[in-house]
Amino acid sequence: MHPRQAQSQSLEPQQPSASHPERDPAFDELLTYLRQNHGFDFTDYKPPSLMRRIGLRMHEVGIGTYRDYTAYLQANPNEFKPLINTLWINFTGFFRDTLSWEYLVADIIPRILRQKLADAPIRVWSAGCASGEEPYSLAIALAEALGIEQYQKRVRLFASDIDANTLHQARQGRYSALKMANVPIALRERYFKPLGNYYSVCSELRSPLLFLRHNLLEDPPMSQIDLLVCRNALIYFNQDGQMKTLVRFYFSLNHAGVLFLGSSELLPQADRLFKLLSVQHHMFRKVEKSSLTPELLIQGLKRA
Ligand SMILES: C[S@@+](CC[C@H](N)C(=O)[O-])C[C@H]1O[C@@H](n2cnc3c(N)ncnc32)[C@H](O)[C@@H]1O
């Protein structure tokens with residue numbers, strides 16, 4: 001029987017609230033099930049956002065309690081894929097938050113280039129890159145600053161995400177006219193080829209990019225990074241998860257490397273590891289000496 005027919009209870013999963021401050025233990029059991037059976041650990045994510053997303057999927061299949069949904073997942077192994085697709089929020093766009101990108105182009109990229117010897121490599125990481133608009137925006141900004149030849153010679157651009165599906169789209173580098181709306185026409189003509197109803201990233205822009213599946217909370221960070229862009233991913237992590245990731249970013253960045261966070265991500269913990277370069281655009285520079293003890297730094301680096 002489809003669970004929609006089997007359910008007579010409310011379809012709203014229980015969430016902690018002022019009147020129900022206790023967290024539903026069945027929610028934690030569901031997370032334990034996902035960790036033990038599918039290897040996805042959501043311990044460091046914010047519960048309310050997870051509950052909202054899982055609730056959406058439960059509503060779609062007509063299930064009202066976490067306990068019934070865990071049983072449904074056990075009985076229907078194919079259910080894991082749509083659930084996980086609901087959990088990763090892949091919304092993104094080219095030059096998302098245009099004013100911040102203007103600042104990056106006018107101030108931060110020239111500053112990074114000034115600090116480099118003429119032929120020195122430039123290593124950039126777009127972490128939580130979703131379907132690729134962010135790393136391709138970075139690629140365009142760097143190609144414009146350096147010229148396409150120097151860009152191809154010197155830049156190494158890592159683009160990572162936990163979600164294999166969205167990474168597949170990123171690797172393809174094909175975007176609809178609607179998705180391209182925020183790319184100025186001159187840049188679109190320079191770096192994309194029209195392909196039917198789509199625009200395809202040109203090979204010169206693509207060649208320095210390396211797409212890889214990477215879990216910010218578990219995998220070792222990229223090293224010797226000059227510019228680390230991680231926007232709108234940390235916002236889904238709880239304080240422990242944010243701190244753990246910031247410590248990894250600290251080790252990832254070169255001396256004076258720059259961290260660019262999302263427009264709602266002004267994280268108080270970042271003060272101990274980074275100095276604000278722009279409060280408006282959420283850009284930070286690595287500090288010489290962090291105020292964290294070596295023990296705390298190392299703890300942040302440990303695998304989950
Ligand atoms: C809202 S999108 C942000 C995309 C892009 N950075 C931007 O700001 O437009 C968040 C991305 O973070 C990814 N993500 C979530 N948890 C992650 C983790 N633990 N490790 C790596 N990526 C993660 C999601 O799959 C998703 O693609």
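Order of listing sets the numbers, starting from 1, for every ligand and every atom in it. When a residue number appears, it is its place in the shown sequence, counting from 1. Bear in mind the structure is a predicted one, so any value in this text is a computation, not a measurement.
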Peer 1: Could you check whether Gln152 and Ser207, counting side-chain N and O atoms only, form a donor-acceptor pair closer than 3.5 Å?
Peer 2: yes
Peer 1: Find all protein N or O atoms under 3.5 angstrom from an N or O atom of ligand 1 and list the pairs with distances, or write 'none'.
Peer 2:
from     : atom 1 : to     : atom 2 : distance (Å)
ligand 1 : 6 (N)  : Gly128 : O      : 2.9
ligand 1 : 6 (N)  : Glu134 : OE1    : 2.8
ligand 1 : 6 (N)  : Arg231 : O      : 2.8
ligand 1 : 8 (O)  : Arg96  : NH1    : 3.2
ligand 1 : 8 (O)  : Arg231 : O      : 3.0
ligand 1 : 8 (O)  : Asn232 : ND2    : 2.7
ligand 1 : 9 (O)  : Thr92  : OG1    : 2.6
ligand 1 : 9 (O)  : Arg96  : NH1    : 2.8
ligand 1 : 16 (N) : Tyr45  : OH     : 2.7
ligand 1 : 19 (N) : Tyr45  : OH     : 2.8
ligand 1 : 19 (N) : Asn215 : OD1    : 2.9
ligand 1 : 20 (N) : Leu216 : N      : 2.9
ligand 1 : 22 (N) : Ile162 : N      : 3.4
ligand 1 : 25 (O) : Asn90  : ND2    : 3.4
ligand 1 : 25 (O) : Asp161 : OD1    : 2.6
ligand 1 : 27 (O) : Asn90  : ND2    : 2.9
ligand 1 : 27 (O) : Asp161 : OD1    : 3.4
ligand 1 : 27 (O) : Asp161 : OD2    : 2.7

Peer 1: Using the rule given for salt bridge (charged side-chain N to carboxylate O under 4.0 Å, His left out), can you reason through Glu133 versus Arg96, listing the C-alpha separation, both sets of side-chain angles and the distance that settles it, and then say yes or no?
Peer 2: CA-CA 9 Å; Glu133 288 89 330; Arg96 183 175 178 187; over 6 Å; no
Peer 1: Could you check, using the six-membered ring where one of them is a Trp, whether Phe94 and Trp101 have ring centers closer than 6.0 angstrom?
Peer 2: no
Peer 1: Assign the ring pair Trp88 / Phe42 to parallel, tilted or perpendicular, where the plane angle (0 to 90°) is split at 30° and 60°.
Peer 2: tilted
Peer 1: How about Tyr66 and Phe27: are their ring centres within less than 6.0 Å of each other?
Peer 2: yes
Peer 1: Is the distance between the ring centroids of Phe40 and Phe80 under 6.0 Å?
Peer 2: yes
